[in-house]
Amino acid sequence: MFALTVSLLAGCSSRETEGEKVSSSPSPTAETLDLNEDESSNLGHWGRAMGSVLLYLNDGNPYYFGGYEANESNREATIRILSSSWNINSRKQLLKQINNLLEEGDRTAFKEEAKEMAAMSKKELKTAMKQLSGDILIHYREVRYNWKTWGSKGLLAWDMCRISHLVQWGHIAGYLSLEEAQALIEPAAKKLKKHFDNWEDVQMNWLDGYCLYATVDRDADGNDYTNRKTIYEKIRDSQPDNEILYDDSMFSGDIIPLQDLSYKTILKELSAKSTAKKSSGKNKTKKNKNDAASSAEAETEKE
């Protein structure tokens, strides 16, 4: 039991920070951009608050849904980001990744690792951790930290906020309309509202998830965790009185969806294409069987 668990811990390797370390960032226009989301819904507001830090980090405007003006240069830049960082090159791939984050995300593997570590005795865990070093040691320290701090909702905001990044970049890239991008925020916002009651906790959960995902030593000087936390605090402390980005009353109020478009309709595209593919496969099989039967009949006639 002990040897097996130690082997499990030692076998993990750090992962690249796909989707988070943007290599080519789009630049917003110089003008101050006004809010552009559907005023009958608050999904745009939810999405902007969820994606605010990463947008700001990449010169985006967190008070403008999408972060950047939807022009040609920004479209090309966000297409490159989605392709190089997420391997997303189409609308279908974008929707599949969003659905994956909703259903599983990084929180699924985190829970499995955390529970396995929790099942070990203190002595077993201490012995196992002593055998680790470098990124692997940082990784399991972060697993323990996230589990101790957040329990089963560890990495939840990390996964949900990444949906906000994807839909906003996906809109600027041209894979989603403005309305579709806002509608896809709804299931992620619902999960955050169910498990959190303020934006401070959401952002801290996102930051802690980032440390685990990117194998960041939070105690090291000048790390990217500290940089992102400083950005969050800067945005938080400079919110204009007439447009509070991190409005905690959103967690006690209703999530207001778009009137004429549901995220369910958009995500149905995935199951519809899957069904069509299966149907096509069945038709091909049936055709092959019919062709084989016809061929057999022809051979019989020849005989």
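- Relative orientation of the F251 and W199 rings is perpendicular, given thresholds of 30° and 60° on the angle between their planes.
- Side-chain heavy atoms closer than 4.5 Å link hydrophobic residues (I, L, V, M, F, W, Y) into clusters, and following such links, possibly through other members, connects I266 to L82.
- Under a cut-off of 6.0 angstrom, the local environment of OH in Y56 is sparse, with at most 12 non-hydrogen atoms contributed by other residues, nucleotides or ligands.
- Residue L54 holds its CG atom at 5.0 Å from CG of N58, rounded to the nearest 0.5 Å.
- Of the inter-residue distances, the one linking L102 atom CG with L184 atom CG reads 8.5 Å to the nearest 0.5 angstrom.
- Residues M129 and Y140 meet the side-chain proximity criterion, which asks for heavy atoms closer than 4.5 Å.
- Counting heavy atoms from C-beta on, the side chains of L258 and S40 never come closer than 4.5 Å.
- If you look at Y232 and W206, their ring centroids are not closer than 6.0 Å.
- Note: the hydrophobic cluster containing L94 also contains Y263 (ILVMFWY, side chain heavy atoms under 4.5 Å, direct or indirect links).
- The shortest side-chain heavy-atom distance between Q239 and Y63 falls under the 4.5 Å cut-off.
- Between the OG1 atom in T265 and the CG atom in D260 there is a gap of 11.0 Å [rounded to 0.5 Å].
- I88 is listed as a side-chain neighbour of Q97, based on a closest heavy-atom distance under 4.5 Å.
- Both L155 and M160 sit in one connected hydrophobic cluster of ILVMFWY residues. Membership requires side-chain heavy atoms under 4.5 Å apart, directly or through other members.
- In this structure, F196 and W150 have perpendicular ring planes: the angle between them is above 60°, well past the 30° mark.
- I231 contributes atom CD1, which lies 8.0 Å from atom NZ of K234 (distance to the nearest 0.5 angstrom).
- The closest side-chain heavy-atom distance from Q168 to I172 is not below 4.5 Å.
- Because its NZ or CZ atom is not both nearer than 6.0 Å to the ring centre of Y68 and within 45° of the ring axis, R75 does not count as a cation-pi partner of that residue.
- In this structure the side chain of W169 reaches within 4.5 angstrom of the side chain of L55, judged on heavy atoms.
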task: In sequence, state the C-alpha distance, the side-chain angles, and the governing distance for Q182 and H171, and then conclude on side chain to side chain donor-acceptor pair (under 3.5 Å).
output: CA-CA 9 Å; Q182 291 172 82; H171 163 55; over 6 Å; no

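- When the side-chain contact (heavy atoms from CB on, under 4.5 Å) test is applied to N42, the partners found at least two apart in sequence or on another chain are W46, I255, I256.
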- prompt: Given S83 and N89, is the side chain to side chain donor-acceptor pair (under 3.5 Å) satisfied, shown in steps?
  reply: CA-CA 5 Å; S83 179; N89 297 287; 2.7 Å; yes

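- Following chains of ILVMFWY side-chain contacts shorter than 4.5 Å, one cannot reach Y64 starting from I244, and the two form parts of different hydrophobic clusters.
- Ion pairing of D106 with R162 is present here, as a side-chain N (NZ or NE/NH1/NH2) and a carboxylate O approach within less than 4.0 Å.
- Follow the hydrophobic side-chain contacts under 4.5 Å out from L267 and you reach I163 in the same cluster.
- Between Q203 and Y246 there is a side-chain heavy-atom pair separated by less than 4.5 Å.
- In this structure, R48 pairs ionically with E37, as a charged nitrogen and a carboxylate oxygen lie closer than 4.0 Å.
- Because its NZ or CZ atom is both nearer than 6.0 Å to the ring centre of Y225 and within 45° of the ring axis, R218 counts as a cation-pi partner of that residue.
- D247 places a side-chain heavy atom less than 4.5 Å from the side chain of H45.
- With respect to the salt-bridge test (charged N to carboxylate O, under 4.0 angstrom), the residues E180 and R91 qualify.
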